[in-house]
Amino acid sequence: MSNRLLFSSPRPIYRHLYSRIYGLITIFLGALLASILLSGLQPPPKEVVQVPDFPNTQVQNYDVIVFGDEIPGVMTALHLSHQIQGGRIALVTEADLSKGLGGHLVRGGLAYLDRNQVPADVRRQLRIDRFEPSSQLYAEFLKLTETKEIALDRYRATQVLSQALQRARVEVIDKVQVLSVQTNATQVQSFLTAKHGLFTAKYFVDCTQGGKLATMAGVRFYQGFDSLGLPNSSLALGLVIEVYGLNINQLRDSESRMIQRFLDSKDAEAQKWMEVATGGDPDLRRSIFNSWMSNNKILPLYQGTIDSADVRSSALGAAFHGMNGLVYDLRKAKMLLDRANIAIFADHLSLNSLLFYADGKTSRELSFNGGKPTLEMLNVANKVANFYKSLGAKEVRIMDELYIRSAGAIAKSMDDLTATKMARGGVSTAEALGTFTYHLDVRGGITGMGLRALKLGIPKLNLHVHMPTFNYGFRHTLPVERDNLSVLSPASGFGGLGIAAGRIVEFNISVGEGLAIAVAKALREDRSLHSITNQEVRQNLSFPPLVYGRPSPNYENIKYIETVLLENSQPPTPKG
């Protein structure tokens, strides 16, 4: 690599050493404290019995079991503890929590939080912030983790959430291997594990990314975008990296210099990188160049908040691809160093930019097996790490788990929340538990959807012109097959393209607030979850919900696209 790639003034060596030692000590102490807290959780006395069907097997009974430790599930468990005073609540997960509690936001390091995007006119009318939390429960999460605006400190998150679960007397059990799930005609009864015995509960909340417990319980799921006739298509996988020793201003300068190199026709090395990255395709070259130009001005990295920034140019990604002999195309290269969303911390940057291609089957399998990156993915990630080191980074850390954006969805819920319904404004005002605004974000694209749409007479897909501002309830989390089970994750009943906005963590935490109320009400009144309405839950919210859902200007367009794709999909019978 040419030394023209970066020119930076040296820093005194003691400052590098101090920063690195301080960071290592902080990380070690944080991990140690989290481990102590998790190992020291004191649950309420649990009932252990013997049952005829499983002789010599320990049976642990609970009122509610939350399965998986993704953040929406953790926050829902905490809210359940407030709703069910003295109840027996457990958070059971297959993950090893010595590596952190909090799923893909913690072990996967997804520090850049996607926030509710309140429309400007609504902000003025209601006098609220642009990132107004979409629920009291999400506001509590932000307060607990001391998140300023966007950047989530994963070390603090695992500590404070562990403490909160301890205070709430929610039992946390990790490294659980589920062997089978026992059901009757309408309900989940229990699940058998390899080393922890049998777990029974009156109600279950599956908060895994792919709905693993629900799948084992016989709930039907679509693979990929099967409901749209694209079972082999999935959203891109992400692998977050953390960069130390390179601050946001230095990264901006590196990007600016790279853009200038690409604009210099006499820079043979940079022109070679561009030729390789584009594969000689003039349209791709034009697209890359357009990514950093607007009105004949260069678009540099943009810092929108004090703790986050967004890369608008493909320059660094194209450079990496060109240097490594890869076309700048997710499907051709099977990976993409995309424009980064950056969470900014005092000692490092967290970059959500490295994407991997995966089909629907692969995404689902990875979600069921701990979300661990493959050896091939890690090899690519190490090359990306070396690239950032060439820009001046002193250390680059690759996360333990993948960010799996989509891993299937409930085939039929009690009230599917499709993109069409979102664009229409969501559930009715009378039912609404809150309102959420976000892009129909299909980062990396959906393989085959454009071609399929074209064949069906849709000349152009455009999902990003207007963000839907939609009211939500909780009933899209309820599969029709089991009336004491919910799925709170991207695998909920979104239908069609609903997952594009429905996969966002803030949204699912907010839905979890209402779901916890519904579960508590069902428990008190000995009712099925199917029988609990959004209106009943709304009446039990501690604060009147902030509701402002409305039809999007592109509602008819979204409705047309989704309707045509759904009506012509004829997917095979979904399987549990």
Side-chain angles (χ1 to χ4, degrees), residues 71-72 74-76 78-79 102 105 110-154 156-157 160-161 164 248 301-312 340-346 349-350 352 417 422-423 425-427 429 432-441 464-474 500-514 516 538 541-553:
I71 296 291
V74 174
M75 294 305 299
T76 300
L78 290 174
H79 204 51
L105 261 62
L110 190 66
Y112 186 106
L113 295 178
D114 292 312
R115 298 291 305 275
N116 183 27
Q117 307 284 309
V118 183
D121 63 318
V122 174
R123 298 201 302 266
R124 290 191 297 269
Q125 180 184 353
L126 300 180
R127 297 181 180 179
I128 57 178
D129 184 72
R130 60 174 173 162
F131 296 144
E132 183 71 18
S134 51
S135 67
Q136 292 295 320
L137 190 60
Y138 193 71
E140 180 182 341
F141 168 70
L142 297 175
K143 184 178 179 180
L144 272 173
T145 57
E146 295 184 1
T147 300
K148 296 175 182 176
E149 290 190 87
I150 299 293
L152 174 71
D153 183 335
R154 63 190 179 103
R156 174 167 179 77
V160 298
L161 293 175
I248 196 67
L301 178 152
Y302 173 70
Q303 186 169 348
T305 71
I306 59 173
D307 59 356
S308 73
D310 295 286
V311 174
R312 297 179 288 184
N341 302 130
I342 306 171
I344 302 172
F345 298 94
L349 305 175
S350 174
N352 174 20
L417 186 55
M422 291 176 178
V427 303
T429 300
L433 306 180
T435 303
F436 188 70
T437 301
Y438 202 75
H439 305 275
L440 291 176
D441 181 4
H464 303 290
V465 176
H466 299 282
M467 292 184 284
T469 296
F470 59 96
N471 301 329
Y472 61 82
F474 79 97
R503 64 186 174 83
I504 304 302
V505 168
E506 175 174 353
F507 172 73
N508 284 300
I509 289 176
S510 295
V511 172
E513 179 179 61
R538 180 180 169 121
L541 287 172
S542 56
F543 294 89
L546 189 61
V547 176
Y548 50 90
R550 61 190 183 185
S552 297

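Worth saying up front: this structure is predicted, and the values here are computed from it rather than measured.
In this structure, CZ in Phe543 is found 4.5 Å from CD in Gln136, a value given to the nearest 0.5 Å. To the nearest 0.5 angstrom, Ile306 atom CD1 is 5.5 Å from Glu149 atom CD. Interatomic distance, OG1 of Thr469 versus OH of Tyr548, reported as 7.0 Å (0.5 Å rounding). Here Leu105 contributes atom CG and Leu152 contributes atom CG; the two are 5.5 Å apart, rounded to the nearest 0.5 Å. The line from CG of Leu440 to CE of Met422 is 7.0 Å long, rounded to the nearest 0.5 Å.
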Pair Thr429-Asn471, side chain to side chain contact (heavy atoms under 4.5 Å, CB included): steps then yes or no: CA-CA 7 Å; Thr429 300; Asn471 301 329; 4.1 Å; yes
Side chain to side chain contact (heavy atoms under 4.5 Å, CB included) assessment of Leu113 paired with Val505: CA-CA 8 Å; Leu113 295 178; Val505 168; 5.6 Å; no
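The salt bridge (Lys or Arg N to Asp or Glu O under 4.0 Å) contacts involving residues 505-514 comprise Arg115-Glu506, where partners must be two or more places apart or lie in separate chains.
Within the 4.5 Å cutoff, the side chain of Ile71 has heavy atoms near those of the Ile509 side chain. Between Leu161 and Met75 the shortest side-chain heavy-atom distance falls below 4.5 Å. Counting heavy atoms from C-beta outward, Asn116 and Tyr138 have side chains that stay 4.5 Å or more apart. Between Asp129 and Val118 there is no side-chain heavy-atom pair separated by less than 4.5 Å. The side-chain heavy atoms of Leu142 and Phe131, taken from C-beta on, include no pair separated by under 4.5 Å. Between Pro119 and Arg550, the closest side-chain pair of non-hydrogen atoms falls below 4.5 Å. Using a 4.5 Å heavy-atom threshold, the side chains of Ser135 and Tyr472 count as touching. Put simply, the side chain of Leu126 does not reach to within 4.5 Å of the side chain of Glu132, judged on heavy atoms.
The aromatic rings of Phe507 and Phe436 lie tilted to each other, with the angle between the two planes from 30° to 60°.
Residues meeting the ring pair (Phe, Tyr, Trp, His ring centres under 6.0 Å) test with Phe474, sequence neighbours left out: none. Applying the side chain to side chain contact (heavy atoms under 4.5 Å, CB included) rule to Arg503 yields the partners Leu235, Tyr403, Arg405, Asp441, Pro490, Ile499; only residues at least two apart in sequence or on another chain are considered. Scored by the side chain to side chain contact (heavy atoms under 4.5 Å, CB included) test, Ala516 finds Thr76, His79, Leu80 as partners (sequence neighbours excluded). With sequence neighbours left out, Thr305 forms a side-chain hydrogen bond (donor to acceptor under 3.5 Å, both in side chains) with Asp307, Ser308. Scored by the side chain to side chain contact (heavy atoms under 4.5 Å, CB included) test, Asn341 finds Tyr112, Asp310, Asn352, Arg443 as partners (sequence neighbours excluded).
When all heavy atoms of Ser552 and Pro468 are compared, the closest pair comes out as OG-CA, 3.2 Å. Here the closest heavy-atom approach between residue Leu541 and residue Leu433 is recorded as CD1-O, 4.1 Å.
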